[in-house]
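Working notes for the structure below.
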Number of protein chains: 2
Amino acid sequence: MSDLLERLRGRGWRMTSQRRVVAEVLNGDHVHLTADEVHARAARRLPEISRATVYNTLGELVSLGEVIEVSTDGRAKRYDPNAHHPHQHLVCSNCGTIRDVHPRGNPLADLPAEERFGFTVSEAEVTYRGLCPSCA
Amino acid sequence: MSDLLERLRGRGWRMTSQRRVVAEVLNGDHVHLTADEVHARAARRLPEISRATVYNTLGELVSLGEVIEVSTDGRAKRYDPNAHHPHQHLVCSNCGTIRDVHPRGNPLADLPAEERFGFTVSEAEVTYRGLCPSCA
DNA sequence: ATCCTACGATGGACAGAATCCAAGTCAAGA
DNA sequence: TCTTGACTTGGATTCTGTCCATCGTAGGAT
Ligand SMILES: [Mn+2]
Ligand SMILES: [Mn+2]
Ligand SMILES: [Zn+2]
Ligand SMILES: [Zn+2]
C-alpha cells in the first residue's frame, strides 16, 4: 500500500507516523476492519495513537475515495481499502466473516425505470448473506 | 394490521396495550421508522410507554419474521412491516427518503458459484442509492 | 541547521443508539 | 377472584462515533 502513501503525499497530505500506520494496517485483500480494530492494530506499532486520530484519518481516506465505508450489520462501520475495484459483499450470518464478491452483470440494470419513482439512481450496494463453510 | 394482531395472539403473545400500539404504529406502505420514531408515535396514544418496551417489542416482531430490520445508513436501524413481500430499497442520498422497490429477477442468481467461496448463500439485500425528485 | 506556524494529534467530554437489569405491574388461565 | 409468570419500566450501562481545547510537529522559509 505504498502506492496509497505516494498518492496521499501527492494530494498534499502532511505525512505523520499516525497516518502512515493507519494506512499500513489497511493493507491486504478482504480487509474490512472496524475503526476500533484499526485502532487496536495501529496501537501495536504506535502505542499512543488516539481513537480520534484513527477516526479522523479513516474519514479523510473515505473522502478521498481511497477507502470505502461498509455497514453490513447495524453495528460498527467497517473500512475497506479495496476502493478501486467495484465489488459487493458476502457475509456469514453466523460469524460475520466478510468476503469480496463480483456478481455478474450490473446490479443497477435490474431496477426498471417504473420502479425508480423519479429518482436519479447512481449506485447499487448488494449484501449477500449465508453461512460460511466453517459455520455450515 | 389486525391480521398481525391475530397472528400474534395465535402465537401465544400476551396482548398488552403497549404491544397493540406498537403494532398499530407499524401500519401502512413504505413504512421504515426508527425505534425512536416508533416510540414517539406510540407515546402519542400511550404516553407512558417506555423505550425499552418498544425495543423489546420490535425485537420480538423481527424474531417472529413479522418485521424486517433495515439499516441503510450507519445510523439507527429502521423497522419495516412489509415482511411478507420480498423487496429491496431505494434511498435518497440527500434526504434519506426510503421507497420499497422490486428489481427484476432474483438478485441471488447474479452470484456465480465460483464467487460463493463455499458459502450457503440464502439472501441478497440490495440498496439502491440516488437523488429523489425533490432533491435532484 | 534553526525557526515558524498552520495543520494534525490528543484525551476527555459529549451524543446517539441500543441493551441490560432489578423492581413493580398486570393479562389471562385456574 | 386469585395467582403467577410474562411483561413493563426507568435508569444504568455499553458501544459507536463526534467534538473541542490544547499541545505537538512536519515541512517550508530563512
Ligand atoms: Mn470489500
Ligand atoms: Mn421496505
Ligand atoms: Zn461463519
Ligand atoms: Zn431526497
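Chain letters run A, B, ... following the sequence lines, proteins first, then strands; residues in each count from 1.
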Can you tell me how far [atom2] of [N] sits from [atom1] of [X], to the nearest Å?
{"X": "B/Arg9", "N": "C/dA27", "atom1": "CZ", "atom2": "C1'", "result": "12 Å"}
{"X": "B/Leu46", "N": "C/dT25", "atom1": "CG", "atom2": "C1'", "result": "14 Å"}
{"X": "B/Lys77", "N": "D/dC15", "atom1": "NZ", "atom2": "P", "result": "14 Å"}
{"X": "A/Leu58", "N": "D/dT18", "atom1": "CG", "atom2": "C1'", "result": "14 Å"}
{"X": "B/Glu60", "N": "D/dC7", "atom1": "CD", "atom2": "P", "result": "6 Å"}
{"X": "B/Asn56", "N": "D/dG10", "atom1": "CG", "atom2": "C1'", "result": "13 Å"}
{"X": "A/Tyr55", "N": "C/dT10", "atom1": "OH", "atom2": "C1'", "result": "16 Å"}
{"X": "A/Ile49", "N": "D/dT25", "atom1": "CD1", "atom2": "C1'", "result": "15 Å"}

Go through residues 11-19 of chain B and report each residue with a non-hydrogen atom lying under 4.0 Å from DNA chain C, sorted by number.
->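 Heavy-atom contacts with DNA chain C come from B/Arg14, B/Met15.
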In terms of side-chain heavy atoms of B/Ser50, which of C/dT19, D/dT16, D/dG10 is nearest?
->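 So the side chain of B/Ser50 is nearest to D/dG10.
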Closest to the A/Ala52 side chain: D/dT8, C/dG11, D/dT16?
->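 Nearest to the side chain of A/Ala52 among the choices is C/dG11.
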Side chain A/Arg51 and base D/dG17 donor-acceptor under 3.5 Å |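 Flag set: donor-acceptor pair detected.
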Search all heavy atoms of B/Tyr79 against all heavy atoms of B/Leu26 and return the closest pair with its distance.
->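 Minimum heavy-atom contact is O-CD2, 4.1 Å.
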Can you name the nearest heavy-atom pair linking B/Pro107 to B/Gly105, along with the distance?
->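 Minimum heavy-atom separation between B/Pro107 and B/Gly105: CD-O, 3.6 Å.
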Check ion pair B/Arg19-B/Glu60 (N to O, under 4.0 angstrom) |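 B/Glu60 and B/Arg19: salt-bridged.
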Output yes when A/Arg129 and B/Glu125 qualify as a salt bridge under the 4.0 Å nitrogen-oxygen rule, no when they do not.
->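 Salt bridge: yes.
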Before giving the answer on side-chain hydrogen bond (donor to acceptor under 3.5 Å, both in side chains), spell out for B/His84 and B/Glu66 the whole-Å C-alpha distance, their side-chain angles and the decisive distance to 0.1 Å.
-> CA-CA 8 Å; B/His84 296 296; B/Glu66 298 288 352; 3.0 Å; yes
Toward the 5' end of DNA chain D, by each residue's nearest nucleotide, A/Ala76 or B/Thr53 =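 Of the two residues, B/Thr53 wins.
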Going by atom types alone, do B/Arg51 and B/His39 pair a side-chain donor with an acceptor below 3.5 Å?
->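 Short answer, no.
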Modelled atom types, side-chain donor and acceptor of A/His32 and A/Asn82, under 3.5 Å =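 Note: A/His32 and A/Asn82 side chains miss the donor-acceptor criterion.
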